[in-house]
A.B. asks: 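The structure is given below, and queries will be raised subsequently.
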Amino acid sequence: MSGSSAALQPPADAVAPVRHPDAPAPGELLGSHYEQCFGCGHDQPHGLRLEARAGEGVTLTAEFTVQPAHQGAPGLAHGGVLATALDETLGCLNWLLRTIAVTGRLETDFVQPVPVGTTLHLAAEVTAVAGRKIYSSAVGRIGGPDGPVAVRADALFIEVKVDHFVDHGRNEEIQAALSDPDQVRRARAFEVNP
């Protein structure tokens with residue numbers, strides 16, 4: 001995006017992102033990284049239940065349908081919910097890099113209202129990497145992947161170690177995730193932005 005702040009402009013020594021060789025194949029559904037996640041978890045009754053699909057390179061697409069529980073003004077999606085959808089989509093990109101990262105900065109533009117019942121079609125890409133900093137952008141459209149732009153965002157994610165979640169998360173949920181017998185679910189719980 002051209003209007004983003006200087007903090008979201010990659011430095012001159014930034015490099016192009018490289019898709020990890022073990023990243024999900026293009027077209028593959030990424031699934032929930034954690035079932036209690038408000039953005040993508042299927043155990044959250046009022047969550048977004050956003051579903052992301054790997055794209056080519058370090059890109060992905062995602063969708064979520066605005067439910068009545070997501071409204072701010074009558075009949076319209078709450079801006080915070082739309083920002084959450086963008087943040088979740090951008091966070092899922094880190095799975096393609098196989099990097100544990102958290103949101104450092106998110107700048108969102110609300111272009112037009114998104115009515116309840118609308119499916120928001122999101123497309124996101126990592127644009128650059130500079131050390132632990134990951135720069136990315138996303139756009140959300142209504143009416144289909146080529147529909148009118150409703151929201152867009154630029155973000156800066158910061159690579160962290162799993163200790164970040166252990167040190168700052170509530171112990172009950174951390175221990176439950178760490179003791180999950182499913183090795184993949186245990187690892188995925190800490191893979192993307194919480």
Side-chain angles (χ1 to χ4, degrees), residues 1-24 26 30-34 37-41 47-48 50-64 77-112 114 120-141 149-169 187-194:
M1 277 173 36
S2 58
S4 62
S5 70
L8 292 176
Q9 298 301 319
D13 62 347
V15 297
V18 177
R19 183 190 190 99
H20 193 279
D22 295 332
L30 300 183
S32 171
H33 76 277
Y34 177 55
C37 175
F38 181 78
C40 67
L48 305 185
L50 184 135
E51 294 196 339
R53 193 171 296 278
E56 298 290 335
V58 191
T59 69
L60 61 76
T61 57
E63 292 182 1
F64 95 95
H78 189 289
V81 168
L82 296 175
T84 300
L86 288 160
D87 184 46
E88 184 68 26
T89 302
L90 291 159
C92 288
L93 287 165
N94 298 314
W95 184 242
L96 301 177
L97 298 172
R98 298 302 289 263
T99 299
I100 300 172
V102 295
T103 311
R105 186 176 186 99
L106 176 70
E107 290 186 12
T108 306
D109 291 323
F110 301 95
V111 180
Q112 69 177 28
V114 180
L120 192 64
H121 300 266
L122 297 128
E125 69 175 326
V126 175
T127 56
V129 176
R132 294 178 45 226
K133 295 179 177 182
I134 301 164
Y135 297 85
S136 54
S137 63
V139 64
R141 298 172 180 272
V149 172
V151 292
R152 57 181 168 245
D154 285 323
L156 169 63
F157 281 79
I158 308 297
E159 182 179 354
V160 296
K161 302 292 182 209
V162 74
D163 294 351
H164 168 87
F165 303 100
V166 175
D167 293 346
H168 300 288
R188 288 281 321 263
F190 303 101
E191 284 289 343
V192 298
N193 179 48

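We count residues from 1, following the sequence as given. Keep in mind the model is a prediction, meaning the values are calculated, not measured.
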A.B. asks: Does some side-chain heavy atom of Ile158 sit less than 4.5 Å from a side-chain heavy atom of Lys133?
C.D. replies: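 Yes; the side chains approach each other to less than 4.5 Å.
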A.B. asks: Can you name the side-chain contact (heavy atoms from CB on, under 4.5 Å) partners of Thr59, sequence neighbours left out?
C.D. replies: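 Once residues adjacent in sequence are excluded, the partners of Thr59 under the side-chain contact (heavy atoms from CB on, under 4.5 Å) criterion are Glu125.
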A.B. asks: Applying side-chain contact (heavy atoms from CB on, under 4.5 Å), can you list everything that pairs with Val129, at least two apart in sequence or on another chain?
C.D. replies: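 So Val129 forms a side-chain contact (heavy atoms from CB on, under 4.5 Å) with Val15, Pro17, Val126.
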A.B. asks: Return the set of residues passing salt bridge (Lys or Arg N to Asp or Glu O under 4.0 Å) with Arg132 (not counting sequence neighbours), or none when no residue passes.
C.D. replies: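 Per chain and number, Arg132 pairs via salt bridge (Lys or Arg N to Asp or Glu O under 4.0 Å) with no residue.
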A.B. asks: Can you check whether Ser5's main-chain N or O pairs, donor with acceptor, with Glu107's side chain at less than 3.5 Å?
C.D. replies: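 Side chain of Glu107 to backbone of Ser5, a donor-acceptor pair under 3.5 Å: yes, one is there.
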A.B. asks: Return yes if some donor-acceptor pair links the side-chain N/O of Thr127 with the main-chain N/O of Tyr135 below 3.5 Å, else return no.
C.D. replies: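 Side chain of Thr127 to backbone of Tyr135: a pair is present.
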A.B. asks: If you define the side chain from C-beta out and look only at heavy atoms, does anything of Glu51 sit under 4.5 Å from Glu63?
C.D. replies: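 No - every pair of side-chain heavy atoms lies 4.5 Å or more apart.
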A.B. asks: Test of understanding: with side-chain contact (heavy atoms from CB on, under 4.5 Å), list the residues that count as partners of Ala16, not counting sequence neighbours.
C.D. replies: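 Checked Ala16 against side-chain contact (heavy atoms from CB on, under 4.5 Å); zero matches.
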A.B. asks: Could I get the full list of side-chain contact (heavy atoms from CB on, under 4.5 Å) partners for Asp22, not counting sequence neighbours?
C.D. replies: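 Residues passing side-chain contact (heavy atoms from CB on, under 4.5 Å) with Asp22: His20, Arg98.
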A.B. asks: Please check this pair: side chain of Arg19 against backbone of Gly57, looking for a donor-acceptor N/O pair closer than 3.5 Å.
C.D. replies: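 Indeed, once roles are kept as given, a pair shorter than 3.5 Å links the two residues.
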A.B. asks: Would you say Glu56 has more than 12 foreign heavy atoms packed within less than 6.0 Å of its CD?
C.D. replies: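 It does not: Glu56 CD has 12 such atoms or fewer within range.
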A.B. asks: So if I apply the side-chain contact (heavy atoms from CB on, under 4.5 Å) rule between Leu122 and each of Val139, Leu50, Thr61, Leu60, which one comes out positive?
C.D. replies: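 Result for side-chain contact (heavy atoms from CB on, under 4.5 Å) with Leu122: Leu50.
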